[in-house]
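Below, all heavy atoms of this structure are taken into account, side chains as well, without hydrogens, waters or symmetry copies.
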Amino acid sequence: MTGNESQENGVRERGAARVPYEKAAAAPTELRQPMWLPLAFAVLGAGAGLVVKYLAQWLVTLPKAPFKEPAELLTRIPEPWLTLGLLVVGTVLGVVLGLIVLHEELTVRVSGDEVRLTRKGEPSTFARAEIGMAFRDHKELVLLGPDGAQLTCEPCDFAERRLASAFTRHGHRWAEQDPHAADFRLWVPDTPGLPTGADALLKARAKALTRKESNADEDRRELRAELARLGVYVRDEKGRQYWRSARRPPVRAGS
């Protein structure tokens, strides 16, 4: 915990304020994207279908326009089948997109005994004894071990207030910033002091940072995990990589 925060005997101290937290017996707290998200995407998809209809009807009135031929083919479909068809297609695509977002977004489940992070249906569980501290670093949730080793670093859209409340409610230590922030150094190719193989992984990850393909995020996460196994932890700022080494070899490497 950063600054003059401390935690003991069921009390969390921040500055001059001492805030009691609930004991480990409290029901687990789960943070996830709302289940109505696919419905919202369905409404947006239906609206997009109507926009396509009116856009096609406008394009066919122009002497020259991009996509005019597809627009003419579309407007030849008689009503009400044109409108109904576009509404159905837009709704289905919206539901599918919403389900994909739900599947790929992080779910955080916090209890007094463990923390479980689930993404794409794959859970990662960390026992209470493994977790020394948690914090939000930019748009990522980071868990550190008691020795400062980085257990995991996951993209996370939940507000810091919600995350802090979930963790402290169950007695986990929460920091307002990375306590090791000052230890990170800018990486440049062939940086001295890195473990064998780490520089090659950082070079590969630097290339992955510039890629826009759908699998680029997964490649970056896998390379981060490989670096963590070597005791090298990475953070990204404005497209650049900063690194720090573990104080001691990590027991467990996360993503």
Side-chain angles (χ1 to χ4, degrees), residues 1-2 5 7-14 17-44 94-146 149-179 214 217-218 220-222 224-225 228 233 235 250-255:
M1 193 163 294
T2 60
E5 296 184 14
Q7 176 179 312
E8 59 181 0
N9 300 326
V11 176
R12 180 171 180 265
E13 181 176 320
R14 175 180 297 184
R18 294 172 64 82
V19 183
Y21 64 78
E22 298 180 31
K23 295 296 184 179
T29 302
E30 186 169 87
L31 304 180
R32 62 164 61 240
Q33 295 298 329
M35 298 304 295
W36 48 258
L37 195 62
L39 178 60
F41 274 86
V43 173
L44 292 175
V95 169
V96 171
L97 182 58
L99 291 173
I100 291 174
V101 171
L102 280 181
H103 180 66
E104 294 189 348
E105 286 296 311
L106 183 69
T107 297
V108 181
R109 187 178 188 273
V110 185
S111 69
D113 297 325
E114 64 183 26
V115 173
R116 180 177 300 171
L117 307 179
T118 304
R119 184 186 297 279
K120 296 183 179 180
E122 299 180 1
S124 297
T125 303
F126 304 89
R128 184 184 187 88
E130 292 182 90
I131 304 171
M133 184 180 298
F135 58 91
R136 193 171 187 266
D137 186 28
H138 299 293
K139 293 187 177 182
E140 296 176 319
L141 173 63
V142 182
L143 302 183
L144 299 182
Q150 190 179 96
L151 302 177
T152 191
C153 180
E154 288 284 353
C156 179
D157 292 327
F158 298 118
E160 182 175 359
R161 175 184 55 79
R162 294 185 64 194
L163 289 167
S165 175
F167 277 84
T168 56
R169 179 188 180 197
H170 298 281
H172 297 280
R173 298 179 66 194
W174 179 266
E176 294 181 354
Q177 61 183 3
D178 186 348
S214 58
D217 285 342
E218 190 63 28
R220 289 192 287 268
R221 293 178 69 248
E222 290 181 1
R224 186 198 292 271
Y233 309 124
R235 67 187 302 183
V251 176
R252 174 178 182 174
S255 59

Item to check | Heavy-atom closest pair, residues Phe41 and Gly94 | outcome: CB-O, 2.9 Å

Cut-off 3.5 Å, no hydrogens considered: what does the side-chain donor-acceptor table look like for residues 131-145, sequence neighbours left out?
{"residue": "Arg136", "atom": "NE", "partner": "Phe158", "partner atom": "O", "Å": "3.0"}
{"residue": "Arg136", "atom": "NH1", "partner": "His138", "partner atom": "O", "Å": "3.0"}
{"residue": "Arg136", "atom": "NH2", "partner": "Cys156", "partner atom": "O", "Å": "3.1"}
{"residue": "Asp137", "atom": "OD1", "partner": "Arg235", "partner atom": "NH2", "Å": "2.7"}
{"residue": "Asp137", "atom": "OD2", "partner": "Arg235", "partner atom": "NE", "Å": "3.4"}
{"residue": "Asp137", "atom": "OD2", "partner": "Arg235", "partner atom": "NH2", "Å": "3.4"}
{"residue": "Glu140", "atom": "OE2", "partner": "Arg224", "partner atom": "NH2", "Å": "3.0"}

Checklist outcome for this item: Between Met35 and Pro38 the two heavy atoms that sit nearest each other are O-CD, 3.2 Å

Checklist entry - Which distance, rounded to the nearest 0.5 Å, do you find between the CD1 of Ile100 and the NZ of Lys120? => result 10.5 Å

Checklist entry - Trp174 vs Phe167 aromatic rings, parallel, tilted or perpendicular, using cut-offs 30° and 60°? => result tilted

Next on the checklist: Would Glu30 and Arg32 count as a salt bridge (Lys or Arg N to Asp or Glu O under 4.0 Å) here? Give the steps.
Outcome noted: CA-CA 6 Å; Glu30 186 169 87; Arg32 62 164 61 240; 3.0 Å; yes

Next on the checklist: For the CG atom of Leu163 and the OG1 atom of Thr29, what is their distance to the nearest 0.5 Å?
Outcome noted: 11.0 Å

Checklist outcome for this item: Looking only at heavy atoms, the pair that brings His172 and Ser111 closest together is NE2-O, 2.8 Å

Checklist entry - Roughly how far, to the nearest 0.5 Å, is the CG atom of Leu151 from the CZ atom of Phe126? => result 6.0 Å

Checklist entry - What distance do Thr125 atom OG1 and Asp113 atom CG have between them, rounded to the nearest 0.5 Å? => result 11.5 Å

Next on the checklist: To check you understand the geometry: which heavy-atom pair defines the closest contact between Leu102 and Pro34, and what is its length?
Outcome noted: CD2-O, 3.6 Å

Checklist entry - CD/Gln33 to CD/Glu104 distance, rounded to the nearest 0.5 angstrom? => result 12.0 Å

Checklist outcome for this item: Between Pro28 and Arg109, the two heavy atoms sitting closest are CG-NH2, 3.3 Å

Checklist entry - Rounded to the nearest 0.5 Å, how far apart are CG of Leu117 and OG1 of Thr107? => result 9.5 Å

Checklist entry - With a 4.5 Å heavy-atom cut-off, do Glu114 and Glu130 have their side chains touching? => result no

Checklist outcome for this item: All heavy atoms of Val110 vs all of Ala166, minimum pair found to be CG1-O, 3.6 Å

